[in-house]
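Residue numbers start from 1 in every chain, and the chains themselves are labelled A, B, ... in the order their sequence lines are given, proteins ahead of strands. Please read these numbers as outputs of a predicted model, since none were measured by experiment.
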Amino acid sequence: MVLDTGTTSWLLISTALVMLMTPGVGFFYGGLVRRKNFISMVALAFIVFALVSIQWVLFGYSLSFGSDVGGFIGNLDYIGLTGIPNEAGEAGYPPLLFVAFQMVFAAIAMAIVTSGFAERVKLSSFIIFALLWTTLVYDPLAHWAWGGGWAGAYGSLDFAGGTVVHISSGFAALAVALVIGKRAGFGEYSMEPHNIPMTLLGAALLWFGWFGFNAGSALAANSLAVNAFLVTNTSAAAGALSWLCVSWLRGKPSSLGMISGAVAGLVAITPAAGYVGVIPAMVIGAIAGILCYGAMLWRLSRKMDESLDAWAVHGVGGLWGAIATGIFAAMAIGGFSGLIEGNVNQFIANAAGALAALVYAFVVTLVLAKLVDMTLGLRVSEQEEYVGLDLSQHGERV
Amino acid sequence: MVLDTGTTSWLLISTALVMLMTPGVGFFYGGLVRRKNFISMVALAFIVFALVSIQWVLFGYSLSFGSDVGGFIGNLDYIGLTGIPNEAGEAGYPPLLFVAFQMVFAAIAMAIVTSGFAERVKLSSFIIFALLWTTLVYDPLAHWAWGGGWAGAYGSLDFAGGTVVHISSGFAALAVALVIGKRAGFGEYSMEPHNIPMTLLGAALLWFGWFGFNAGSALAANSLAVNAFLVTNTSAAAGALSWLCVSWLRGKPSSLGMISGAVAGLVAITPAAGYVGVIPAMVIGAIAGILCYGAMLWRLSRKMDESLDAWAVHGVGGLWGAIATGIFAAMAIGGFSGLIEGNVNQFIANAAGALAALVYAFVVTLVLAKLVDMTLGLRVSEQEEYVGLDLSQHGERV
Amino acid sequence: MVLDTGTTSWLLISTALVMLMTPGVGFFYGGLVRRKNFISMVALAFIVFALVSIQWVLFGYSLSFGSDVGGFIGNLDYIGLTGIPNEAGEAGYPPLLFVAFQMVFAAIAMAIVTSGFAERVKLSSFIIFALLWTTLVYDPLAHWAWGGGWAGAYGSLDFAGGTVVHISSGFAALAVALVIGKRAGFGEYSMEPHNIPMTLLGAALLWFGWFGFNAGSALAANSLAVNAFLVTNTSAAAGALSWLCVSWLRGKPSSLGMISGAVAGLVAITPAAGYVGVIPAMVIGAIAGILCYGAMLWRLSRKMDESLDAWAVHGVGGLWGAIATGIFAAMAIGGFSGLIEGNVNQFIANAAGALAALVYAFVVTLVLAKLVDMTLGLRVSEQEEYVGLDLSQHGERV
Amino acid sequence: MKMVKAIIRPERLEFVKKALEVEGIFGMTISEVMGRGDQKGISLQYRGGTMTVDLIPKIEIDIVVGDTDAGLVIQKIRDAAYTGKIGDGRIFLLPVERSIKVRTGEETT
Amino acid sequence: MKMVKAIIRPERLEFVKKALEVEGIFGMTISEVMGRGDQKGISLQYRGGTMTVDLIPKIEIDIVVGDTDAGLVIQKIRDAAYTGKIGDGRIFLLPVERSIKVRTGEETT
Amino acid sequence: MKMVKAIIRPERLEFVKKALEVEGIFGMTISEVMGRGDQKGISLQYRGGTMTVDLIPKIEIDIVVGDTDAGLVIQKIRDAAYTGKIGDGRIFLLPVERSIKVRTGEETT
Ligand SMILES: Nc1ncnc2c1ncn2[C@@H]1O[C@H](COP(=O)(O)OP(=O)(O)O)[C@@H](O)[C@H]1O
Ligand SMILES: Nc1ncnc2c1ncn2[C@@H]1O[C@H](COP(=O)(O)OP(=O)(O)O)[C@@H](O)[C@H]1O
Ligand SMILES: Nc1ncnc2c1ncn2[C@@H]1O[C@H](COP(=O)(O)OP(=O)(O)O)[C@@H](O)[C@H]1O
């Protein structure tokens, strides 16, 4: 196929949009922590982006998209991106563009995991952990779903990474939080978000970038991309409003709730964006807002310090999205039928794929975090934590 | 016509750009209010975006672009977006993309109106008002101009929404301000912008997004889009410099003046972007900066509390833009001649179209605001206003 | 050639992306100065953008890209953009789009120069200086490299403006700093960045926008653009990590170091983006991070107040990039061979081209700054500097 | 020497400054504080529930003056800061033993 | 009249407020300050080097009370602010000569 | 016990801290304030007009010391904060009746 400049153009900009989501996560999280850890949260996002950018071109891409080894992982054929032609291949865009597009997904997944580390992680150990996690958790999961691995073959649908990116990072954040332990003072005194407008700014960048994330995943500038674009927005809006409403029943409707609902809606529609229409998207988003709000309340009631709710929003939202894809997939939109159109198999395949990824991500992350903790120590000292990571890890102050 | 991936790509990203303008308005306004209402201003923008996103796909699009009913409104054929094909139609891009592109325009119009509510609106009543306004004011106006209504048929030119978006929202903000009344203390003590850099950030996002707004309105990636892109930038720059200069004559040249001038220039070129060249654009922008500055001074001298000057900048700027389009339209650029090329009719058509929209928007908004005020109460209590909307409406604090 | 909508779409969005870099520079710098000059730094960026936008369409474009006069400058054929067709020419996109794309480059170059003026420049004199600089320094340099001037003819490679934008602005900032003199108190007490998160936000916008800067410079949505996109990101990541690491050896790894390294990597890859592959890009970026860090330390040791390190990062990084392009250019990527492939000539041409630009930019800037200083005075009064430029120049306060 | 320490509404600051300038009193140090009085802040009713905002932003003004001027300063501040609504603030008078001007070393006891 | 000026850990503020409310003491003015004690702040070890963070964020609470209540207020604050770790803060007692309520003009001496 | 309350230029803080450390005085509480002196702030001329910036950012340092040390502390601060230009600040000395260390309960009177 010859070069399709329109599709190439769309994928170039989509890649840039998704890139922007990683600092977006940084600001989203940075606003939620206490002032003394603001810089740290944003810096972690940037550092993740830099690390994954290098890891990906060196070997991460190859592990994810190299020729399949046992359904589990890619081989090393593409190490250093050797052997990848830069001329438009059969897809109509240069294959290196696919490398770049997938790279930014790998980066944001790891950035989401920082939620579990918030305000207490040692920078040096974090760097090691991030490299291990992206290599041993993210790369295999990307391979399973999209790189020729078992999940794709088995028929699990994941349009833009609901499982690969969100379930994996959300449950990884939970595992990390369990290993690293609660922040000093958690549950004893309140740790309020210090700069909500920065969180809203991060959310704006996330919502904006998500159009590249989901509509870019059509890998073409066509009607599938358009459908993904529109349903992404609809689900986000529905999630924002549903969280706003249910939280209103219990007290004041916070802007953080509203925006968390939007992110929940964005997460949940991610695996479904190419398979469902606009009305199901509204349902998926609305339910995501309520479910994730419930998950957050449950987490709080259990006094778990998965500090910035990556688990409640990305983990639970991603799980719901995977299941919802199995329910609502419509033949007319993306060529697959879900439960509602009578296809129980799709529902099972999706649930199973999501569950497998969930278990894999959670367990392997647990092991990796434990390992790093036992060898290097994941956590800063009590004094460093008290003073804050900005000063203790970076020597900087807001 | 077959799918034009280049045009589709451009409209996808243009839609995302315009989406970013809504939080852009939130930050622009959020920096201008007092600290205690910062979150509120940004949250209103997000809430508007979510509400309109849902309203639009449910019935707003149909009201605007459904088959014409009496020149005034669209019918309900497209409720829930039924019956809209997702394959590329005669325009070369998927029709659903047009739905999405128009949706983000509807959202930003309502976001601009929040200027008139600033620092004193009750959240619950605002939500009701916003739904009414977008349905009863925005949707008809969009239909008049672009959806087969009387204004388009009559020959009023509005390339990207100078009338539909800016006149309507600017004069609506004025009507709202009249109904809701001045902020407590207005005119008595000064209410200075609490965070000018956030306003500048919002302005950056607006300027950036406006390229999608105006150049996207060419509905193709072609030379018309390029013309719109370039004149948009030129007019913004001219507006920034003219406001800077005239305000310098009276005192220090503030960054807020400079950036308000840029927005004035952006507003004024909006209806003209596809019809004029770069030199007329410079004139349009420069005059817009001066006119809107004058309008702001007049508003202040009249002690009117249209708090964030949506009226002076969007209302007056939009009006000037509509008239200027009738003056400067050049056959060689967009196929229409204005006054300068001897076509008085175009001038009259544009002035009449703008005036009709102005009157409609102002009067209907007045009625709607009054209605909501009499039934639910538009305004928070004195104590809530004193404490600020962040705390009283959202339970949050910067 | 007929209109290529895909390429047109990519160049439209690339232009918007590069536009966003100018406020990006404003926030990057604004976070680095003291609170009392925050607004000033951001305002300077906006004002530069407005000024250059007008200058460019009036005569700047013509000086840069008009028919060559003696290898040095363009003629005035395109004054007011007359005579530039808006229909797609032989490049497949409308020629006016090239005007717009080049315009945003001119703007950001001047914005970078504000580093040397930080916290002490008189607004009125700055405006005069900026107009002179963009006309007498930037426009000739753009002509030399891309407009038919001697450097392009001689064979210096500068893919996206490493020399034209970065060497020129970096060394100009140095010249400016020498003329305007140190900030009061520099070297005596510490002047710490007052808002590092805003600098990180600016950096996020820069990184994001740089994809348009470099990949847009392919002037097509093709595999060259894709290569430029990917190597840009790789070099940025490598620069971020290398600066992080070397600065870690001397103390805490600051987020500012990390992000400065990223910018250094972005600068260094700019001239090379269309000529080198991903592994050389990693080397270029990593070395850039270390080199620029060293340059910054050297600058500090010499107690020079080129306040925000445009020289160390853009000047030195740009110089290294120009040389690196001469070293690493690979025939297979961009059709040119560098030193490594045995082509000494390319190395010499690139070094010579960079050096000529460096000398020209430095000397002419020195003269211009001196001239403005002697006639109008570049610097505010001692009292105005003490109070800060926000108040003294704009009458505003953060 | 006395220190008049006044905690007032932020929006009354300009009035207080003006009132003192009329008397030729310029020197002052101000800071942003939060406070609550005997009312425990402001109670907001909503949907049946009540939310108390107990710390409200205030401006604290410190003015060191000679013993004789203290009464006048207090009076002027009181008048200018007064709105009659809850939250108008407090004025405290503290003894000051010495006051030194850094630039001149000039001392008033 | 006395002014109790307590410099405490920010995270203990809520405890202190609660403890005082129990005693019916509501009025207070707080501000964000930075401070160090005799330890010269907190020392962090890293890679052999030492970094001293000498100014740590604290909350300052000013409470003006009658002479007889001062002891109680100090005691309550001390108990509620206590963690036992370095940096718990200080409480100072300053004399106050007059206290005027702006709204009512009511004065306590 | 005395409280030395010094209002100085922000850029002199490090010098003051160093000067006091030399004397073994570490404990202090600082806050960001704004102030003006008898000059009514700084006047800027522009195009014929004049703009007065009346509230300039300052740092306030509170140090509670024994009666005997107070003079020394004042002297050291004065020397270190001095630039000779308008706006160098003021130092006030206030009586303190009690001083309690929260952690130990230790009291100095
Ligand atoms: N006993 C006190 N000690 C210190 N500050 C006080 C005291 N009482 C009141 N204040 C300060 O005065 C401000 C206003 O107090 P007041 O007018 O009594 O408020 P209210 O009317 O809400 O009771 C409070 O916000 C607080 O900062
Ligand atoms: N002599 C002093 N004068 C004023 N404030 C003091 C003094 N000593 C301590 N402080 C304040 O009390 C806070 C805590 O002091 P302290 O508990 O003694 O700290 P540390 O345990 O670190 O010595 C300091 O951060 C400072 O704000
Ligand atoms: N009478 C006063 N009471 C309280 N603070 C004062 C007084 N006079 C001066 N100050 C504080 O000292 C600072 C510097 O004062 P000074 O050096 O006299 O300023 P200037 O030289 O501008 O008159 C002021 O900004 C203010 O914070």
* Which atom names give the shortest non-hydrogen contact between C/A237 and A/A50, and what distance separates them? -> CB-O, 3.5 Å
* Asked: Does the side chain of A/P94 come within less than 4.5 Å of C/N222's, by heavy atoms?
  -> no
* Which residue out of C/S14, C/S223, C/G6, C/A215 racks up the most heavy-atom pairs below 4.5 Å with chain A? -> C/S223
* Is A/L51 close to C/L241 at the side-chain level, that is, under 4.5 Å between some pair of heavy atoms? -> yes
* **Atom pair OG (C/S254) and CG (A/D390), whose distance is rounded to the nearest 0.5 Å** => 11.5 Å
* Where C/P253 and A/L123 come nearest, the two heavy atoms and their spacing -> CG-CD2, 3.7 Å
* To do: Please tell me if the side chains of A/V398 and C/P197 come closer than 4.5 Å, counting only heavy atoms from C-beta onward.
  => yes
* Structure fact -> The interface call for C/I279 against chain A, heavy-atom contacts under 4.5 Å, is side chain
* To do: Compare all side-chain heavy atoms of C/W207 with those of A/T22 and state whether any distance is below 4.5 angstrom.
  => no
* Asked: Who wins among A/A43, A/S9, A/G24 for the most heavy-atom pairs under 4.5 Å with chain C?
  -> A/S9
* **Contact origin within A/L391 toward chain C - heavy atom pairs under 4.5 Å** => backbone
* Asked: Can you find a heavy atom in the side chain of A/F27 that is under 4.5 Å from one in the side chain of C/L201?
  -> yes
* **Under 4.5 Å from any heavy atom of chain C - which part of A/T15** => both
* Structure fact -> Given A/L12, A/V42, A/I39, the one with more heavy-atom pairs under 4.5 angstrom with chain C than any other is A/L12
* Asked: Quick one: are C/F208 and A/P23 in side-chain contact, heavy atoms under 4.5 Å?
  -> no
* Please walk me through it: do A/L81 and C/L230 pass side-chain contact (heavy atoms from CB on, under 4.5 Å)? -> CA-CA 11 Å; A/L81 302 188; C/L230 190 56; 3.7 Å; yes
* **Proximity breakdown for C/L256 and chain A, heavy-atom pairs closer than 4.5 Å** => both
* Structure fact -> Ranked by heavy-atom pairs below 4.5 Å to chain A, first place among C/L224, C/N227, C/N195 goes to C/N227
* Structure fact -> When every non-hydrogen atom of A/A16 is compared with those of C/F211, the smallest separation belongs to CB-CD1, 3.9 Å
* To do: Look only at the side chain of A/E396 and the backbone of C/S255, and say whether a donor-acceptor pair between them is shorter than 3.5 Å.
  => yes
* What part of C/L17 is in contact with chain A, defined as an atom under 4.5 angstrom from a non-hydrogen atom: side chain, backbone, both or neither? -> side chain
* **Minimum side-chain heavy-atom gap C/N233-A/F49 below 4.5 Å** => yes
* Asked: Which bit of C/F229 comes within less than 4.5 Å of chain A, counting heavy atoms only: side chain, backbone, both or neither?
  -> side chain
* Does the side-chain contact (heavy atoms from CB on, under 4.5 Å) test come out yes or no for C/I196 and A/H394, once each step is laid out? -> CA-CA 11 Å; C/I196 291 171; A/H394 301 287; over 6 Å; no
* Asked: Any chance CD of A/E382 has more than 12 other-residue heavy atoms, nucleotides or ligands included, within less than 6.0 Å?
  -> no
* Which residue out of C/T5, C/L200, C/T8, C/L205 racks up the most heavy-atom pairs below 4.5 Å with chain A? -> C/L200
* To do: Count the heavy-atom pairs under 4.5 Å between each of A/Y93, A/W10, A/F38 and chain C, then report the option with the highest count.
  => A/F38
* Which portion of A/S40 sits near chain C, non-hydrogen atoms under 4.5 angstrom -> neither
* Asked: Do A/I127 and C/L244 touch side chain to side chain, with heavy atoms closer than 4.5 Å?
  -> yes
* To do: Can you tell which part of C/A204 gets under 4.5 Å to a heavy atom of chain A, answering side chain, backbone, both or neither?
  => both
